[in-house]
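Treat the numbers as computed from the prediction; the structure is a model and nothing was measured.
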Amino acid sequence: MFLDEHEFPLSPSRRYTPPPASIDALSRLHAGLGIERVVIVQPSVYGLDNAATLHALRVLGKGRARGVAVIDAQVPEATLDKMTAAGVRGVRVNLEIDRESDSARSAEQMRRIAARVAPRGWHVQVYASMPLIAACSAVIRELPVPVVLDHYAGAHASRGVDQEGIGAVLDLVAAGKAYVKLSAPYRCSARADHADLESLARRFIQAHPDRMLWGSDWPHPQPGAKPLATDVCPPFVVDTGHALRQLRRWSPDETTLHRILVDNPERLYGFGA
């Protein structure tokens, strides 16, 4: 979410400026969809300043909300203590924002961050291309934390169910080292209705339903927009209800759907603990 910029300033080095997306707007969206819990992922526009994310966690409460922060390897232990108390249960490593392709550099970043959060039982959420994930798969297997692979693990529907890297991703999932977040279909699909993702989604879900997650990716940055960093990007409208209905169709049964939407995130993010 993107809160009042006067109270929660955006990073001067951000790549774009989003329109406002308030806590109240999030609550209205969830009320309309029947969603009771939320995981707030720190957006790139705030950089390492997690104040807005932590504020939202406090407002929503630990019974309802968990968070995924962005940190560097120098973050003080006291800061991590405060984040844990607020409901943070993971950190995000965004390699895709710079189209990172260097596997050695990426692997070292994951190692450094994982070492900082492993004692707290947190996970690492990685946004990267599928070939880069595959190139780092040996390192991911050895990390002392679970790994969440963002946005269909960087897959693209147009590349099919046997695209480069998918075997390595499925091996990580089968080994219990990774979760795949079935989120942001508009980033992975060439169709407005995202129907071309069906085969890919079914392959992920059938491979290991206990390691699938779902996310709305709300609010949605305009994909492909390249304005000046200080220009406010127009909002990108996504029918989240449609995305949930697709997930229901792509899941083999209600038990599997319940795992993806309830059981798996409850276990990973520590809801109810």
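No continuous path of ILVMFWY side-chain contacts below 4.5 Å connects Ile40 to Val70, so the two sit in separate hydrophobic clusters.
Between the side chain of Asn264 and the main chain of Met212, a donor-acceptor pair closer than 3.5 Å is present. Of the possible donor and acceptor atoms, one in the side chain of Arg211 sits under 3.5 Å from a partner among the backbone N and O of Gly176. Remark: the backbone N or O of Asp49 is paired with a side-chain donor or acceptor of Gln42 at under 3.5 angstrom. Judged by distance alone, with hydrogens and angles left aside, the side-chain atoms of His208 form no donor-acceptor pair with the main-chain N or O of Ile205 at under 3.5 Å.
Taking the ring-ring contact (aromatic ring centres under 6.0 Å, His included) definition, one finds that Phe204 meets it with nothing, sequence neighbours left out.
Ring pair His242/His194 is tilted by interplanar angle, where 30° to 60° counts as tilted.
A salt bridge does not link Glu266 to Arg66: none of the charged side-chain nitrogens sits closer than 4.0 Å to a carboxylate oxygen. The pair Glu100-Arg105 counts as a salt bridge, with a side-chain nitrogen and a carboxylate oxygen less than 4.0 angstrom apart. Using a 4.0 Å cut-off between a side-chain N of Lys or Arg and a carboxylate O of Asp or Glu, Asp98 and Arg15 qualify as a salt bridge. Taking the charged nitrogens against the carboxylate oxygens, Arg116 and Glu77 do have a contact shorter than 4.0 Å, which makes a salt bridge.
Taking 4.5 Å as the limit, every side-chain heavy atom of His123 sits out of range of all side-chain heavy atoms of Val117. No side-chain heavy atom of Trp250 sits under 4.5 Å from any side-chain heavy atom of Leu182. Within the 4.5 Å cutoff, no side-chain heavy atoms of Phe271 are placed close to those of Arg64. Counting heavy atoms from C-beta outward, Pro265 and Val39 have side chains that stay 4.5 Å or more apart. Proximity of His30 to Arg37: side-chain heavy atoms (C-beta onward) are nowhere separated by under 4.5 Å. Proximity of Leu149 to Tyr179: side-chain heavy atoms (C-beta onward) are nowhere separated by under 4.5 Å. Counting heavy atoms from C-beta on, the side chains of Gln109 and Leu95 come closer than 4.5 Å. Taking the side chain as every heavy atom from C-beta outward, Lys181 and Gln125 approach each other to under 4.5 Å.
A donor-acceptor contact under 3.5 angstrom links the side chains of Asp253 and Thr256, judged on distance only.
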